[in-house]
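Here the structure comes first, spelled out in structure tokens, and everything after it is commentary.
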Amino acid sequence: MECGCQHAGISLSKATRDLPGAELRGDADVLDVTDDSRCVRQGALFCAVPGTQRDGHAFVDDAVAAGASALLVKRFVDAPVPQVRVPAVRPAVGPVAAAVHGYPADALAVAAVTGTDGKTTTVHLIEAALAAAGYRTGLVSTVEARMPGARSPAALTTPGAAELQRTLCRMRAEGVQAAAMEVSSHAVDQHRTDAVTADVAVFTNLSPEHLDYHGTVEQYYATKAALFTPDCCRRAVINIDDSWGKRLAAHATVPTVTVGRAGQADVRVASTSDELRVVVQDGVDRVELATPAVGQAANLAAAYAAARLMGVSRRDAVVGLGAAPPPGRYQRVDAGQPFQVVVDFAHTPRALTQLIAIARRASRGRVHLVVGSAGNRDRFNRPDMGRVALTADSAIFTADDPHDEVPEEIIAQMLTGTIGRAGAVIVVERDRWKAITAAVERAEPGDVVLIAGRGHERYQTVEGIQHPFSDVAVAEAALADKGWSRRPAASRPDSAAPSGVPRMRSAHPGWPRSGESRGECR
């Protein structure tokens, strides 16, 4: 997303004057900031971030050749442009980018949402409530970055520090007044949001995830908790039904509104008579919230509380929270069939447990589950995913996004959680298209088919290569094959995926071939 920001442009000396330990050699005008040499434009500051696999210093020559006017480095290099050396490059990127773009976050009211599950739904709900109140809004989520007149698919839950400041700058240029954004634990740890002080930070919940990155649950929690400090937010909304949330609220150093079913919650979920209506107790008033975001009572209450703190009236909050949920979050695929087909992003044991429970309440018959686990991450969660899958009536274990791993090995690790346990009828089908089709074919009137794990994602990554694949479109094609269709049927591709990836089909040849890849969002 190009900046389009009239405020962009500052001297290197001014942009870096507040960086601790900075040493300047030369000076130049800087128009943009990036840590990707492939994205350098004329007049950009290239930030040579040392990474775990690649060191940005190795790409300095490419950046200069592309037009970089200056460099941010950990060590001075032989290059014909001004440079500033800092003790650590990564933490400096956000503050420098904010300075170059004229501190765009200061012109916006920002809600920042973190947690293991529910971030995307909560962000979209907050944005909808702000829009209902008449604000010109922006959104940064796992699904997309969006503002008036522009939207682009997301590559990461939270963009890199330079891209985030560029996006906020564009929002300001488009007249955005309030924005809601997801903040991943990776983003906090990698200083992507350091230059943004949120008006409201929201904590949804926490369960073990990303331990391949953080090491322990305690460190994962500590990273999330770092967002709830005066440097990072002005106020907080915290779900205290979650044990980690209760701990966070007890140690909060910013004004905090608590939400949940607990009697001591400031905004209390008073009842959930059905999956689409939630009553919250806001002070002395009972407020009924209707939403298409099925089974999201705690997230709905958190979004309501955040919107109210940002100046949204009760009436406008109620209207906004009734807007459409984000794609891939309990998204029904309706072709007129006498059973439900639902696509959902649930990819953790906790989220999958909640998803199956919701489907069980919605079903007059059986619950059929399609489930997998992503490669290159969170291997320890796989047995628990298998264990939870047994709570459905049938569970088809299949590929998710295997990345560089062998799908059969991922599935085998999930199946260890089913050993010695009773429950669902288990089927193994590596080909995700065939797995979805099989689940639809076995559904009878009153049943619910759950297609879990990928939600809105439109690509499947196999051996590092992205192949177009949408669970929604595959489900539509499977329904069309059975004679149900509200639109022209999606065509099944004639050939399998590229050589060496047997039975991994691209779902539809007409889908876009550029867009999001899975980053740390899961």
Side-chain angles (χ1 to χ4, degrees), residues 115-118 204-218 220-221 241-244 294-296 298 328-330 342-363 365-403 405-432 435-436 438-439 442-443 447-455 471 518 521-522:
T116 302
D117 298 313
T204 60
N205 53 64
L206 188 138
S207 59
E209 194 184 28
H210 303 305
L211 301 194
D212 51 335
Y213 181 89
H214 295 290
T216 66
V217 179
E218 283 286 345
Y220 178 42
Y221 165 77
D241 286 343
D242 180 88
S243 60
W244 294 98
V294 176
Q296 299 287 338
R329 273 62 181 176
Y330 210 88
V342 175
V343 171
D344 194 273
F345 192 54
H347 60 276
T348 66
R350 176 177 183 161
L352 188 63
T353 298
Q354 294 173 342
L355 178 66
I356 294 172
I358 292 167
R360 183 70 68 192
R361 292 193 292 271
S363 171
R366 297 174 299 166
V367 175
H368 308 286
L369 175 68
V370 176
V371 65
S373 187
N376 294 2
R377 55 173 298 118
D378 289 327
R379 291 173 173 83
F380 77 96
N381 266 347
R382 293 171 185 171
D384 283 342
M385 291 291 284
R387 175 185 55 78
V388 172
L390 288 176
T391 61
D393 294 294
S394 70
I396 304 178
F397 289 77
T398 188
D400 187 305
D401 275 0
H403 288 269
E405 293 192 66
V406 177
E408 287 86 353
E409 293 179 0
I410 296 175
I411 294 170
Q413 291 166 13
M414 296 178 69
L415 290 172
T416 62
T418 69
I419 296 173
R421 299 175 184 272
V425 174
I426 295 174
V427 177
V428 175
E429 174 52 72
R430 167 183 166 162
D431 185 326
R432 192 171 180 91
I436 293 172
R442 65 175 54 198
D447 289 355
V448 177
V449 174
L450 296 177
I451 305 169
R454 301 183 68 252
D471 285 357
R518 174 169 316 159
C521 57
R522 292 183 156 203

Would you give me the side-chain donor-acceptor pairs under 3.5 Å for residues 410-420, sequence neighbours excluded?
| residue | atom | partner | partner atom | Å |
| --- | --- | --- | --- | --- |
| Q413 | OE1 | R382 | NH1 | 2.6 |
| T416 | OG1 | Q413 | O | 2.6 |
| T418 | OG1 | L415 | O | 2.6 |

Non-hydrogen side-chain atoms of L206 and V217 separated by less than 4.5 Å: yes
W244 side, atom CH2; T204 side, atom OG1 - distance, nearest 0.5 Å: 14.0 Å
Heavy-atom side-chain proximity of Q296 to R329 below 4.5 angstrom: no
Taking every non-hydrogen atom, the tightest pair across F397 and A389: CZ-CB, 3.8 Å
Interatomic spacing from OG1 in T391 to CG in L352 - rounded to 0.5 Å: 6.5 Å
Taking every non-hydrogen atom, the tightest pair across V388 and P349: CG2-O, 3.9 Å
Gap separating the NE2 atom of H347 from the CG atom of D401, nearest 0.5 angstrom: 11.5 Å
Partner of L450 under side chain to side chain contact (heavy atoms under 4.5 Å, CB included), chosen from V343, I356, D344: I356
Distance, nearest 0.5 Å, that separates CD of E405 from CG of D400: 11.0 Å
Option from N381, D242, D384 for which side chain to side chain donor-acceptor pair (under 3.5 Å) with R350 holds: D242
Donor-acceptor contact below 3.5 Å, side chain N205 vs main chain D117: yes
Counterpart residues, side-chain contact (heavy atoms from CB on, under 4.5 Å), relative to A435 (two or more places apart): V370, I396, T398, E429
Closest non-hydrogen atom pair, Y330 against A359: OH-CA, 4.0 Å
Residue pair V449 / D447, side-chain heavy-atom distance below 4.5 Å: no
Over all atoms of both residues, closest heavy-atom pair of A424 and A392: CB-O, 3.0 Å
Lys/Arg-Asp/Glu bridge criterion (N-O < 4.0 Å) met for D471, R432: yes
Non-neighbouring partners of R360 that pass salt bridge (charged side-chain N to carboxylate O under 4.0 Å, His left out), sequence neighbours left out: D393
Side-chain touch R442/V427, heavy atoms, less than 4.5 angstrom: yes
